[in-house]
Structure formats: structure tokens, C-alpha cells
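The structure appears right after this line, and notes come after that.
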There are 2 protein chains.
Amino acid sequence: MTPLKNASKQDSKNAGKPAQNGAHKAAIRQENEEQILAAAEKVFADYGFKGATTAQIAEVANVPKANVHYYFNTKEALYRRIMEDVCDHWLEAAATFDNSADPAVILRGYIESKMDLSRARPDGSRLWAHEIIRGAKFSSEYISTTVKDWLDSRVVVMRGWIKEGKMDAVEPYSLMYMIFATTQHYADFGRQIEIFNNDQALSDAQFAEAKENVVRIILKGVGLG
Amino acid sequence: MTPLKNASKQDSKNAGKPAQNGAHKAAIRQENEEQILAAAEKVFADYGFKGATTAQIAEVANVPKANVHYYFNTKEALYRRIMEDVCDHWLEAAATFDNSADPAVILRGYIESKMDLSRARPDGSRLWAHEIIRGAKFSSEYISTTVKDWLDSRVVVMRGWIKEGKMDAVEPYSLMYMIFATTQHYADFGRQIEIFNNDQALSDAQFAEAKENVVRIILKGVGLG
DNA sequence: TTTTAACCTGACCAAACGGTCAAGATAAAT
DNA sequence: ATTTATCTTGACCGTTTGGTCAGGTTAAAA
């Protein structure tokens, strides 16, 4: 499988298309691309790569189907482009996991930023879930390099905390999987939570409470409470 | 949306088909149905309802496509039948959450049985994930009745524990969502965990360690450690 | 103003889709 | 032995799929 990201943003965005345009033309292109990308993210998030159709993406984007193929040659190219965006956002959340501060502060910050990401961009999380459930066909290289390197380095940091007696001797991988799972659950299983919440989406207050509960349980659970 | 389960197991299993057969014919039917169901669970788990194709199910089951439609009239009927099985298994795990014992024992037992279910039947969990991510189109009634009733009753039990000072004052819903998310993550995101584990599925020993870590973090996290 | 390059889209295509059916094969009931 | 009911499946059907393309429109460049 080819790598998810093997070209610069600019190259992949305008694959085989002009780079320099007049202001008006450029604006048209940008607006149409954004509209199609937003629609595709929704439809892919609902049905996954195989289940989504270009016709439905076009309908949601409110453009003719042929226009979708004008801006993004193939369904796969469109999917890859969106996966890049999702990965970029994930990396932003990952960056909050620095190691310049107190373990409790670091973990809290990371959990909170992942919860916020689930709240702000649930479709990205759901799309990622589809991708992994299906076997990470498009993104296994990205996971085994970028994400794994990041994860392994955090695991080293945490083993340091454990050795220094700052944290309980829990397996860092298990802890990280728990953080991934719990934070993303609020996006991926948002519909289920909504049903449990009497068919109403969580209010901002409810979500804030959930976030605080997640932080508290995990921090205390690893001896940082 | 029609209810997921509106007929007895026997009725839906042999929908419009004979109930009494000679031993040989009955054996043939049972074997073919099992083969098709097993194949369908895999394919639906990979691609979801819309993304899965009856041709692929037939290929995995090693029967002609027409035979799939002979035993299960439509793709939807086949999907519903498998969802029923998944729900039945979930109910078994749910049953381990009794309230006749110590809170720590109860929670440990429930978490462990959910982890074991993820290990033993990952496809069922992945299929459920597809169903919810997509918006619970087929199962919203089941969730809002059977599952919600079960969940709410456990929440009441936990609020009792909190009032009696046996457990920290965490929001029970947040705790349950964390248990759902973390335990199911080992099935739904199994491929990702595999990649992090140097492209090797977790060994029995690794999984047992993960299970123990999950139990320990959660129990301590809610003051039951 | 003319030319050129980009944008737009209805109509179309081959392949894949869920589902049907007639006709043959097999086994149970008579 | 004959009838009856079930199992089996290649061939087929109408629809949907991802993708193409000719020919038109629009705006930037010359």
C-alpha cells in the first residue's frame, strides 16, 4: 500500500491541476473544494470508504457528481485527502502531550484536548474508526511510523515517571489505549450516548462534566489523583 | 424503524421456511446457515451494512450467491439476524453485572467478561461499532429499551454505592461509557493495537495483562482499588 | 477584442449491485 | 416406486456504482 502522505499539501491538493490562478478563479476552486471535502467527510464518516458513494457526496455538497470528479479525480483520492486532514488534527492534539511539566498536568491536558477534538470534529474520529475497523488498509504505514513513533516516545516518558515513583506501575500502552478509546468513544458512539441521554445530544455542561469525570478517573486510576 | 427483535428465534431463523425436516435435510440447512452467518459476520464487520456485498458473503461462505438468498431472503434480513446474535451475546456479558456482591467484585467481573467477549468475538463488536457509527438505524429501538433499561438500573445501583460511601462520587454514566469504550477498543481497534505491537496480535499473556491493567486503573480510579 | 485556460455538467459507459427465477438434483414421505 | 418437498445454481434483470467526455460557460491573459 502506498503511503498516506507522499507529497506536499499543495501538490496533493491541486493534483494535476493549476497552481496559479486569478483571484476569482482561485476563490471558486477553494470554495468548491471545501464544500466537497466537508460533504465527503460526513458521508465517509457515516458509511466508510466502500459504503460511501460519490453521488451522495455530490448531493450533500450540492454540486453535480461530475464536478466532484473534476476536483478530485477518484473516490480514493478524495478519501486519502480527508484522511490527511484527520491525521493533521490528531497531530495537533498529540502535540499537547509534551513532557515539560508535571505528569498529572500533562495527562490532563492530553485527555482534555482529545475530548475537545471528539466534540469539535466527531466526523474525523468516526472516519478514523471506519478506517481501523476495516483493517487500516490506507493508513497502516502512517500508524506504524508517525503514530507508533509518537506513542513509543510517550511510553518511554511514562516508564520514566513510574521509575521515579511519580506514577503507579501500570502498563503505559494499556493506559494510552484506554485514553484513545474513552475520548474517541464520545465521537464514535455519540449516537448511542445520545439515545441513553433520552435522545438528546449531550449539552455543553454535560460534556464538560463527562470530560472532568474521565480525567479524574484516569488520573486517580494511575496514582496521579 | 421496525424493532430488531419482533419474533421468536425459531420464527426468524426459519423465516418462511419449513420447521420440520428429516435429519439429513435439517443438518444440511443448519450447516449452510451457519456457514453463511459466519461469513456474513466477517464481511459486515469489515465493511458495515452498506459496504458489504452479498457476493462477497457468498464467496467467503463458499456457496453460490443465489444460495445466500435462498436461506436469507434479503441482505437486510441477514444483517438483522446477525445483529440479534450479537445482542444475545452482549446480554450474557451484561448478566454478569449482578448486585449481590461487593462493588469491586461486580465491576471487576463485568469488565473482565466484556474484555473476554472482545477477545472471543471481535467481529460482533466491530459490527456493533459500524451500526452505531452509522447512527443505529436498525437498533435504536433495542438500545433505547433493552440496553437503556439495563444501563439505567446499573446506574441506580452505583448511585446507591456512592451514597453509602462505597465508591467515589463519579458520574455512573461516564464510568460505564469508559468501560464500554475501553473493553470494546480491544476488538474494534484491534488492528491498530496489532500495529503498535510490532504487527503482531496480542498474545494471550499480553491480553491478560491488558485486562488486569484495565481493571486496576478503573477500580482505583473510582475509589474501589 | 481576441485568445487561452480553467470551470462546469448532462449524458453516457462498463462493471458491480441486490435480487429473481426456472429447471435440475436430492432426499423425505407416501 | 412414485410423489412431494426441499436444496441447488447458472443465467438473468433492473438499478446503482465509479468514472469519462464532449461541448458549453466564464474569467484571466495577451
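In what follows, every chain begins at residue 1, and chains take the letters A, B, ... in the order their sequences are listed.
The phosphate of dC7(C) (OP1 or OP2) has a side-chain N or O of R29(A) nearer than 4.0 angstrom. Taking 4.0 angstrom as the limit, N32(A) places a side-chain polar atom (N or O) nearer than this to OP1 or OP2 of dC8(C). Remark: N73(A) is not in phosphate contact with dG18(D), judged by side-chain N or O atoms under 4.0 Å from OP1 or OP2.
Between the P atom of dT8(D) and the CG atom of N62(B) lies a distance of 13 Å, rounded to the nearest Å. In this structure, I36(B) atom CD1 and dC7(D) atom P are separated by 11 Å, rounded to whole Å. Rounded to whole angstrom, the span from the OH atom of Y70(B) across to the P atom of dT8(D) amounts to 7 Å. A straight line from OH of Y79(B) to C1' of dG19(C) spans 20 Å, rounded to a whole angstrom. Whole-Å rounding puts the I57(B) CD1 to dG19(C) C1' distance at 13 Å. Residue Y47(A) contributes atom OH, which lies 11 Å from atom P of dT17(D) at whole-angstrom precision. One interatomic measurement links the two molecules: CD of Q30(A) to C1' of dC7(C), which rounds to 16 Å at whole-angstrom precision. A straight line from CD of Q56(A) to C1' of dG19(D) spans 18 Å, rounded to a whole angstrom.
At most 12 heavy atoms of other shown residues, nucleotides or ligands fall within 6.0 angstrom of atom CD in E59(A).
Projected onto DNA chain D by closest heavy-atom contact, K65(B) and T74(A) fall at different nucleotides, the more 5' of which corresponds to K65(B). For the pair K50(A) and A66(A), nearest-nucleotide mapping onto DNA chain C gives the more 5' position to A66(A).
Among the heavy atoms of the strands, none lies under 4.0 Å from A27(A). Residue A58(B) is classed as having no contact, given no heavy-atom separation below 4.0 Å to the nucleic acid.
With dC7(D), dG19(D), dG19(C) as the choices, the nucleotide that has an atom nearest any side-chain atom of I28(B) turns out to be dC7(D). Comparing dT9(C), dT9(D), dG18(C) by their closest approach to the side chain of N67(B) singles out dT9(D). For H69(B), whose side chain is taken as the heavy atoms from C-beta onward, the closest listed nucleotide among dG18(C), dG18(D), dT9(D) is dG18(C).
With hydrogens and angles disregarded, a donor-acceptor distance shorter than 3.5 Å links the side chain of T183(B) to the backbone of F180(B).
Nearest heavy-atom pair, I133(A) versus D188(B), reported as atom, atom and distance to 0.1 Å: CG1-O, 3.6 Å.
With hydrogens and angles ignored, no donor-acceptor pair under 3.5 angstrom links the side chain of K75(B) to the base of dG19(C).
Shown are W150(A), F97(A), W128(A); of these, the ring pair (Phe, Tyr, Trp, His ring centres under 6.0 Å) with W90(A) is made only by W150(A).
Between the side chains of Y79(A) and E131(A), a donor-acceptor pair is found at a separation under 3.5 Å.
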